[in-house]
Amino acid sequence: MLERAVRRWDLSLDGPAMAGHASVVLPVRRDGERLALKAGWPHALAHVEHVALRLWAGGPAARLAAADPSSTTMLIERLDPGRTLAAEPLDEACETLGRLLGSLAVPAPPVVPEARGWLAAELARPAAAELPRRLTSRATGLLDDLGNSPPRLVHGDLHFDNVLARPLPDGRREWVAIDPQPLAGHPGLDLQAVLRDRTEEYPPGSGLRWGVRNRLGIVCEAAGLDEDEARLWCYLRTCVDAIWAVEDGDHDQVRLHISLMKALDG
């Protein structure tokens with residue numbers, strides 16, 4: 001797949017390949033320009049990643065140079081993976097991510113999967129039965145009760161390590177998103193990644209709830225979101241991640257997501 005893309009787009013190799021959770025990335029050059037050749041592993045949302053990147057047009061996200069949707073192969077702007085929001089002070093990182101979330105939440109095109117249907121299918125997975133019933137019942141009830149707002153483009157995996165620095169000609173930098181898993185829905189779905197990341201920075205014990213609400217408040221204010229509504233959509237997405245953790249047999253992650261759901265509720 002990568003060899004075919006190198007020939008098709010007349011690329012030259014510029015470093016070793018890097019494998020991630022959902023893709024392999026190869027540093028390349030085309031006419032001297034530094035780019036990254038990305039091949040995504042097959043998953044339900046991989047086929048619309050290029051749609052989101054093209055719509056964002058390189059503003060709040062990595063610029064798309066070319067795409068082959070049939071093979072989920074893309075040629076994108078090359079950014080420094082060592083310069084992420086994960087290394088920034090937490091409150092500043094949350095504020096930056098919130099501003100970015102607000103810019104990413106543009107009207108979603110029809111080809112992007114609708115979040116409600118996706119959520120309903122994920123919440124109905126058999127592993128949900130292994131979570132506390134009151135938590136999963138709360139999630140399914142919310143999905144029925146939350147109103148229908150105009151669908152926005154949701155990044156789907158907007159954690160701190162998926163926000164990289166883009167150098168500017170004047171020596172400054174701006175933060176941009178990479179690796180979207182796009183859905184059409186409420187931007188509050190993107191808040192879950194903020195909560196599951198950098199968990200070592202939560203206050204101990206009963207301080208978790210305060211830490212969760214503090215992060216939510218900072219991000220929502222910067223993004224221009226209603227915090228109460230965004231919190232409920234975040235609860236839904238957190239329940240999905242808890243179900244996935246059950247399927248993976250990751251008991252630590254199951255406990256984390258149950259704790260996050262409790263902190264988000266009420």
Asker: Donor-acceptor check, side chain of Arg138 to backbone of Met261, threshold 3.5 angstrom: yes or no?
Answerer: no
Asker: Could you tell me whether a side-chain N or O of Thr73 sits under 3.5 Å from a main-chain N or O of Pro69, the two making a donor and an acceptor?
Answerer: no
Asker: Can you name the nearest heavy-atom pair linking Trp118 to Val240, along with the distance?
Answerer: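 Minimum heavy-atom separation between Trp118 and Val240: CH2-CG1, 4.0 Å.
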Asker: Side chain to side chain contact (heavy atoms under 4.5 Å, CB included) for Val24 and Leu26? Distances and angles first, verdict last.
Answerer: CA-CA 7 Å; Val24 60; Leu26 188 63; over 6 Å; no
Asker: Keeping Trp56 on the side-chain end and Leu104 on the backbone end, is there a donor-acceptor pair under 3.5 Å?
Answerer: yes
Asker: What verdict does the side chain to side chain contact (heavy atoms under 4.5 Å, CB included) test give for Leu35 and Ile76, after you've listed the backbone C-alpha separation in whole Å, the side-chain angles of each residue and the deciding distance to 0.1 Å?
Answerer: CA-CA 6 Å; Leu35 297 166; Ile76 58 177; over 6 Å; no
Asker: Treating Asp197 as the side-chain partner and Phe160 as the backbone partner, does any N or O pair qualify as donor plus acceptor under 3.5 Å?
Answerer: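 Yes; at least one donor-acceptor contact below 3.5 Å.
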Asker: Check the pair Arg215 / Glu201 against side chain to side chain contact (heavy atoms under 4.5 Å, CB included), numbers first and verdict last.
Answerer: CA-CA 11 Å; Arg215 293 190 191 192; Glu201 296 181 60; 4.1 Å; yes
Asker: Ignoring hydrogens and angles, state whether a donor on the side chain of Trp244 or Glu122 is under 3.5 Å from an acceptor on the partner side chain.
Answerer: yes
Asker: Compare all side-chain heavy atoms of Leu143 with those of Leu123 and state whether any distance is below 4.5 angstrom.
Answerer: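 A side-chain contact under 4.5 Å exists here.
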Asker: Can you list every side-chain hydrogen bond (donor to acceptor under 3.5 Å, both in side chains) pair that touches residues 100-116, not counting sequence neighbours?
Answerer: Arg116-Asn148
Asker: Can we say Asp190 and Arg237 salt-bridge, meaning some charged N sits less than 4.0 Å from an Asp/Glu carboxylate O?
Answerer: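 Salt bridge: no.
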Asker: I would like to know whether Leu131 and Val254 meet side chain to side chain contact (heavy atoms under 4.5 Å, CB included); could you show each step before the answer?
Answerer: CA-CA 8 Å; Leu131 294 172; Val254 172; 4.0 Å; yes
Asker: Enumerate the residue pairs fulfilling salt bridge (Lys or Arg N to Asp or Glu O under 4.0 Å) with a member in residues 59-69, sequence neighbours excluded, ordered by first and then second residue.
Answerer: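 Qualifying pairs: Arg8-Asp68, Glu33-Arg63.
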Asker: Kindly write out the residues that satisfy salt bridge (Lys or Arg N to Asp or Glu O under 4.0 Å) with Arg166, not counting sequence neighbours, or none if the list is empty.
Answerer: Glu77, Glu174
Asker: Please report the closest heavy-atom contact between Ala86 and Arg198, naming both atoms and the distance.
Answerer: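 Minimum heavy-atom separation between Ala86 and Arg198: O-NH1, 3.4 Å.
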Asker: Thr96 versus Leu85: any side-chain heavy-atom pair under 4.5 Å?
Answerer: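 Yes; the side chains approach each other to less than 4.5 Å.
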Asker: One thing to verify: whether Lys262 and Asp265 come together as a salt bridge, which I'm taking to mean a side-chain N less than 4.0 angstrom from a carboxylate O.
Answerer: no
Asker: Going through the distances and angles, do Asp252 and Arg255 end up as a salt bridge (charged side-chain N to carboxylate O under 4.0 Å, His left out)?
Answerer: CA-CA 5 Å; Asp252 289 340; Arg255 285 192 290 269; 2.4 Å; yes
Asker: Does any pair with a residue in residues 139-156 pass salt bridge (Lys or Arg N to Asp or Glu O under 4.0 Å), and if so which ones, sequence neighbours excluded?
Answerer: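 Not a single pair qualifies under salt bridge (Lys or Arg N to Asp or Glu O under 4.0 Å).
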Asker: Can you list the residues that meet the salt bridge (Lys or Arg N to Asp or Glu O under 4.0 Å) rule with Arg99, with sequence neighbours excluded?
Answerer: Glu95
Asker: Determine the minimum heavy-atom distance between Leu55 and Pro109, stating which atoms define it.
Answerer: CD2-CD, 3.7 Å
Asker: Check for a donor-acceptor pair, side chain of Arg29 on one end and backbone N or O of Gly32 on the other, with a separation under 3.5 Å.
Answerer: yes
Asker: Are Leu208 and Val212 side-chain neighbours, meaning at least one heavy-atom pair lies under 4.5 Å?
Answerer: yes
Asker: Considering non-hydrogen atoms only, spot the tightest contact between Ala177 and Leu100 and give its length.
Answerer: N-CD2, 3.9 Å
Asker: Among Arg34, Arg30, Arg78, which one satisfies side chain to side chain donor-acceptor pair (under 3.5 Å) with Asp14?
Answerer: Arg78
Asker: To the nearest 0.5 angstrom, please state how far the CG atom of Leu101 sits from the SG atom of Cys220.
Answerer: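 It is 8.5 Å, given to the nearest 0.5 Å.
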Asker: Hey, what else clusters with Ile218 if you join Ile, Leu, Val, Met, Phe, Trp, Tyr whenever side-chain heavy atoms sit under 4.5 Å?
Answerer: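 None; Ile218 is a cluster of one.
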Asker: To the nearest 0.5 Å, how far apart are CG in Leu260 and SG in Cys239?
Answerer: 12.0 Å
Asker: Does Arg209 make a cation-pi contact with Tyr202, if we ask for NZ or CZ under 6.0 Å from the ring centre and within 45° of the axis?
Answerer: no
Asker: So which residues get pulled into Ile178's cluster when ILVMFWY side chains under 4.5 Å apart are joined, directly or through others?
Answerer: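 Grouped by the 4.5 Å side-chain rule, Leu79, Leu164, Val176 form the rest of the cluster around Ile178.
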Asker: Drop me the distance from Glu227's CD to Leu191's CG, to the nearest 0.5 angstrom.
Answerer: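 It is 9.0 Å, given to the nearest 0.5 Å.
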Asker: Is there any salt bridge (Lys or Arg N to Asp or Glu O under 4.0 Å) pair reaching into residues 84-94, and which pairs are they, with sequence neighbours excluded?
Answerer: Glu88-Arg173
Asker: Can you check whether Leu64 reaches Leu75 side chain to side chain, under 4.5 Å on heavy atoms?
Answerer: no
Asker: Quick test of your reading: applying side-chain hydrogen bond (donor to acceptor under 3.5 Å, both in side chains), list the pairs with at least one residue in residues 154-163, sequence neighbours left out, ordered by first then second residue.
Answerer: Thr84-Asp161, Asp157-Asn162, Asp157-Arg196, His159-Asn162
Asker: About how many Å separate CG of Leu158 and CD of Gln181, when rounded to the nearest 0.5 Å?
Answerer: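 So the gap between those two atoms works out to 11.5 Å.
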Asker: Minimum heavy-atom separation for Met74 to Ala67, with atom names?
Answerer: CG-CB, 4.1 Å
Asker: ring-ring contact (aromatic ring centres under 6.0 Å, His included) with His186: which residues, sequence neighbours excluded?
Answerer: Trp233
Asker: With side chains defined as the heavy atoms from C-beta onward, is the minimum distance between Leu225 and Val219 less than 4.5 Å?
Answerer: no
Asker: For Arg134, check salt bridge (Lys or Arg N to Asp or Glu O under 4.0 Å) against everything at least two apart and list the hits.
Answerer: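 Partners of Arg134 by the salt bridge (Lys or Arg N to Asp or Glu O under 4.0 Å) criterion come out as none, since no residue qualifies.
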Asker: Is any side-chain heavy atom of Pro107 less than 4.5 Å from a side-chain heavy atom of Leu153?
Answerer: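 Heavy-atom side-chain distance check fails, nothing below 4.5 Å.
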Asker: What distance do Arg4 atom CZ and Trp9 atom CH2 have between them, rounded to the nearest 0.5 Å?
Answerer: 10.0 Å
Asker: Which value, rounded to the nearest 0.5 Å, describes the distance between Leu236 atom CG and Asp241 atom CG?
Answerer: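 These two atoms lie 11.5 Å from each other.
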Asker: Do Leu189 and Cys234 come within less than 4.5 Å of each other through their side chains, counting heavy atoms only?
Answerer: no
Asker: Does Arg231 have any salt bridge (Lys or Arg N to Asp or Glu O under 4.0 Å) partners at least two apart in sequence or in another chain, and if so, which?
Answerer: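 Once residues adjacent in sequence are excluded, the partners of Arg231 under the salt bridge (Lys or Arg N to Asp or Glu O under 4.0 Å) criterion are Asp228.
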Asker: Could you report the tightest heavy-atom contact between Val25 and Pro27, atom names first, then the distance?
Answerer: O-CD, 3.9 Å
Asker: Check this for me, if you would: do Glu49 and Lys38 make a salt bridge, where the nitrogen-to-carboxylate-oxygen distance has to be below 4.0 angstrom?
Answerer: yes
